[in-house]
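Taking it in order: structure first as structure tokens, then the write-up.
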Amino acid sequence: MYEGAVQELIDELGRLPGIGPKSAQRIAFHILEADPQDMVRLAQAISVVKERVKYCTICFNVSESETCTLCRDERRSDEIICVVEESKDVVAIERSRAFSGRYHVLGGAINPINGIGPEQLHVRELIARLGDERITEIILATDPNLEGEATATYLVRTLRPLGIKISRLASGLPVGGDLEYADEVTLARAIEGRRNTAPSAPAAPLVRTPLPATEPTSSS
Amino acid sequence: MDVSRSSFAAKSYRTRGIVLRTHKLGEADRIITLLSPEFGVVRAVAKGVRRTSSKLGATLEPFMEVDAQIVAGRSLHTIIQAQLRHPYGQALVADYPAYTAGAAMLETAERLTDADADSIAPQYRLLHGALATLARGGHEPGTVLDSYLLRALASAGWAPSFTHCVRCGEVGPHGAVNIPLGGAVCHDCRPSGSSSPAPETMALLAALLTGDWAIIDAAEPAARAQAATITTNYLQWHLERAVKSLKLVERQ
């Protein structure tokens, strides 16, 4: 046991995720020996985060003001909403630069064993947002694991009566890998979710026959 | 002979099992709780399964029956290989009521097998059968769950009776149920605090306990709802702690 302040710091650090008693002690002594200005900056960063950062009232992403920058950005499309589990998923999709619509953060996934049902997520707020007539599509971007899939199933069932197009992120083979190393579940999903690579091209006949002179009438 | 390798091989074992639940661990690992018919509840680390490049990730999800190669460690074991035997999870996530019913089964199975080592093999068979029935579809998920709960409790040594009076043994049908006594009570034995369900509910409860699907599938929604309440109360009475996922089960 150390005296007062040092022990208190060790105890507080030890409560952080992934930090055990020995790590807490090492970090505490690093703080003691480090440049005072650096440590004041760290302390300020922590208190500022707790003071200023809250959740966006529209999409529940982390934000420093009432609404987040993504909800305020007028260049983004209002037509598509991408539903994700957590704020870090917003960042992951933003990094891909493939999406320019709005987001909705659920705050987790349905997990009955841990007592998390639809009521604990921001589902009701999502339905309220869909009253906006500009919205034409919802992309369900929950995690491709069991809880994420169950959440997507629940959302599809709840949102289908609204008559808005609902799509789910594709799942399949990672880019840059070998087919033979894919696991069975992923490979099965990739086959299930295959897409038509030439949607507009007509089926090519094996033997070319001369086109009939008149418009063929449908036989059915 | 290489000493370290032989001891590694001695510490590793192979078992089949149903994944009951998963916890996140560190950056990309998960702790997998597996119910094995030979070893009971096994908690093992699966390394790197949360990465998108992981081949084990899809296999080690709740509801899946797997063949796993596990290495025993000092505190936690480690799963080094796993192969899918039955992908029940795939079918269950596509049907939300079945998913919630399945989650309640997994939570109950973990509770019932954690304490009692003798009944693990029958409990495993019951859970496996119930999950297969849920995944196949055809029956209302709520009734599959109730039937599983009653039979799992019976396997664990808390068999209820809905045909005979639990106090004097008189053959029914009886009109009252007392949860603490363990089932139906006749008119003379009926203690205060017993409930009086409809005769159809008593017949349904007996069918749920024996797995008579012709009667169960023909039951009216009102009888199903009453039977579900009695089953849930009976389970909670014996498990003492609340089963969280039961509240989230969607019944039709």
Side-chain angles (χ1 to χ4, degrees), chain A residues 17-20 23 85-86 88-89 92 96 108-121 123 140 142-160 168-190 192, chain B residues 19-27 29-30 33 49-64 66 81-111 145 242-250:
Chain A
I19 296 183
S23 310
E85 288 182 18
E86 317 222 11
K88 29 182 206 238
D89 302 331
S96 78
I110 295 175
N111 189 343
I113 295 185
N114 290 339
I116 298 170
E119 289 296 304
Q120 277 77 37
L121 306 177
V123 175
L140 301 179
T142 49
D143 287 347
N145 55 27
L146 206 96
E147 288 83 26
E149 292 291 340
T151 312
T153 307
Y154 175 82
L155 287 176
V156 167
R157 208 191 56 176
T158 320
L159 304 179
R160 192 182 281 147
R168 174 94 178 97
L169 282 197
S171 143
L173 304 168
V175 178
D178 284 10
L179 192 71
E180 59 169 321
Y181 289 114
D183 68 285
E184 299 89 347
V185 179
T186 308
L187 194 51
R189 287 276 292 275
E192 243 172 58
Chain B
V19 180
L20 296 180
R21 67 161 93 197
T22 61
H23 295 278
K24 287 182 182 177
L25 178 75
E27 279 283 306
D29 310 339
R30 272 206 182 107
T33 307
V49 288
R50 278 153 66 202
R51 290 187 220 283
T52 49
S53 55
S54 166
K55 281 185 47 168
L56 279 180
T59 311
L60 295 173
E61 294 221 87
F63 305 113
M64 303 292 190
V66 296
Q81 283 173 37
Q83 203 163 26
L84 209 55
R85 286 172 67 110
H86 291 106
Y88 296 128
Q90 297 300 307
L92 294 186
V93 288
D95 181 359
Y96 187 70
Y99 170 73
T100 54
M105 286 181 191
L106 296 186
E107 197 182 346
T108 311
E110 191 183 0
R111 291 280 182 78
L145 171 66
V243 178
K244 282 186 220 153
S245 41
L246 268 181
K247 276 200 266 336
L248 295 167
V249 174
E250 244 183 52

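Hydrogens, waters and symmetry mates are skipped; everything else that's a heavy atom, side chains included, is used. Each chain gets a letter, A, B and so on, in the order the sequences are listed, and its residues count up from 1.
B:E107 is linked by a salt bridge (Lys or Arg N to Asp or Glu O under 4.0 Å) to B:R111, counting only residues two or more places apart in sequence or in another chain. Remark: A:N145 engages A:D143, A:E147, B:R30, B:E61 in a side chain to side chain contact (heavy atoms under 4.5 Å, CB included) (not counting sequence neighbours).
Only the backbone of A:I116 comes within contact range of chain B, with heavy atoms under 4.5 Å apart. Residue B:L20 touches chain A through its backbone alone, counting heavy-atom pairs closer than 4.5 Å.
Residue pairs meeting the salt bridge (charged side-chain N to carboxylate O under 4.0 Å, His left out) criterion with at least one member in residues 81-93 of chain B, sequence neighbours excluded: B:E65-B:R85, B:D67-B:R85.
With respect to the salt-bridge test (charged N to carboxylate O, under 4.0 angstrom), the residues A:R189 and A:E149 qualify.
When B:P62, B:G57, B:A58, B:A104 are compared by the number of non-hydrogen pairs under 4.5 Å with chain A, B:P62 comes out ahead. When each of A:I113, A:N114, A:T186 is scored by its heavy-atom pairs under 4.5 Å with chain B, the top score falls to A:I113. Note on B:E250, B:R50, B:M64: by heavy-atom pairs under 4.5 Å with chain A, the leading option is B:E250.
Taking OH from B:Y99 and CD1 from A:I110, the interatomic distance works out to 7.0 Å, rounded to the nearest 0.5 Å. Atoms CG and OG1, from B:D29 and B:T22 in turn, are 12.5 Å apart once rounded to the nearest 0.5 Å.
For B:R21 (side chain) and B:T33 (main-chain N/O), no donor-acceptor pair under 3.5 Å exists by modelled atom type.
Residue-level contacts of residues 151-159 of chain A with chain B, in order of numbering, are A:T153, A:Y154, A:R157; threshold 4.5 Å between heavy atoms.
Using cut-offs of 30° and 60° for the angle between ring planes, the B:H86 and B:Y88 rings count as parallel.
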